Amino acid sequence: MTFRAILPKELLSIVLVRNFKTKMNTTIQETPEHLAAFENKISCGEKIEPKDWMPERYRKQLIRMISQHAHSEIVGMLPEGNWITRAPSLRRKKVLLAKVQDEAGHGLYLYCAAETLGVDRRELVEALLAGKAKYSSIFNYPTLSWADIGVIGWFVDGAAIVNQTMLARSSYGPYSRAMLRICSEENFHKKQGYEIVATLANGTAEQRAMVQDAVNRWWWQSLMMFGPSDANSPNSEELLRWKVKQETNDELRQRFVNITVPQAKAVNLTLPDSDLKFNSETGDYDFGKINWEEFYNVINGNGPCNAERMKARRLADENGKWVREAAEEYARKNFSKTKNI
Ligand code: 3HC
């Protein structure tokens, strides 16, 4: 997002929010009674709000998850941003530009949601830049052709919708509300992607080959977005108990497969999995084995584009320093003016 794209009023609130430490009830000692009341509230379907008492572990889990999500939105702008100037028509450029800008907005809502838990955004960004914080594995792969942009919209935003409609029911109020808006925008992203895919799939032999190649390169990596299998997901048990997550990684992955297989058939594309077949007993599509070695390699920083993505984010941080300083000065001046009234 450019400096000029941010209105002064929004700028002021961003800076003020950064300096605002939520006064939470974390100092109250954690007793079994507190925990029981907290868990009871969650089991009744009530939302936990920033000033409500919460176990320190719940707060930590949310900061981890929401900040990783925010970083993913911001890093996720890079592979697609790479195609804005090369999109094949003015219409495609405008749509892609709007989509990439939406992702910046998603990052912004999510950093704000994380800040309601009493953490400073700068701290979170610094953890990312220092290579200490994770972001989604999917954004560590290169976008080699225009068809990749279509397939990312279809698969990556499609997978995000499956995961995030579940998170819209999350027990933490600010996160679930951020998800509502994000999901409606992701729906548009998925449609634009699928429309590109359908156009190429109905195009020349060369265009068909290009889109099939993109499908082949992004399919397995999109399945990895849902995280490790349930048996190897250390955080799931706690997140499910506290209804931050309402479904497991494997359940969501399966739903994505079930939704996507008919969509691939509708445009006469094949998914690169010889084990993929409908199971009439379960009503699901069975699928082959995920390459978990590749997944762990990527999340540990050794994917094809990890170094490139981090270099781009560090450069953006350096180049944006004057913007942050100007915003802080603007906020400081406005704040002292308000105090003098
Ligand atoms: N990429 C990178 N790291 C991943 C990952 C992935 N695809 N899947 C799991 N991990 C990490 C976890 O963060 C965790 O690391 P940590 O303990 O060091 O923080 C570790 O692997 C073990 O995984 P778990 O299953 O135990 O972790 P979770 O229970 O938190 O589940 C998750 C992982 C499903 C990604 C969950 O955190 C989640 O739903 N997060 C919110 C949604 C999100 O971040 N989505 C990212 C994509 S955003 C996007 O796609 C943008 C859109 O514009 C397209």
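Quick caveat: nothing in here was measured; it's all calculated off a predicted structure.
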With no hydrogens and no angle check, just 3.5 Å: does a side-chain donor-acceptor pair link [X] and [Y]?
X: Glu185; Y: His189; value: no
X: Trp242; Y: Glu39; value: yes
X: Tyr58; Y: Ser171; value: yes
X: Lys245; Y: Ser236; value: yes
X: Asp284; Y: Asn279; value: no
X: Gln254; Y: Asp250; value: no

Item to complete: Just do the ring pair (Phe, Tyr, Trp, His ring centres under 6.0 Å) check on His71 and Phe139 with the steps written out, would you?
Response: CA-CA 11 Å; His71 300 327; Phe139 301 119; over 10 Å; no
Parallel, tilted or perpendicular: rings of [Y] and [X] (30°, 60°):
X: Tyr296; Y: Trp292; value: tilted
X: His34; Y: Trp53; value: parallel
X: Tyr141; Y: Trp218; value: perpendicular

Discussion item. Given 3.5 Å as the limit, does a donor-acceptor pair link the side chain of Lys243 with the main chain of Gly45, or not?
Written reply: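 Looks like no, no N/O pair under 3.5 Å.
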Discussion item. Closer than 3.5 angstrom, by distance alone: can the side chain of Gln61 be matched with the main-chain N or O of Leu239 as a donor-acceptor pair?
Written reply: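 A pair under 3.5 Å: no.
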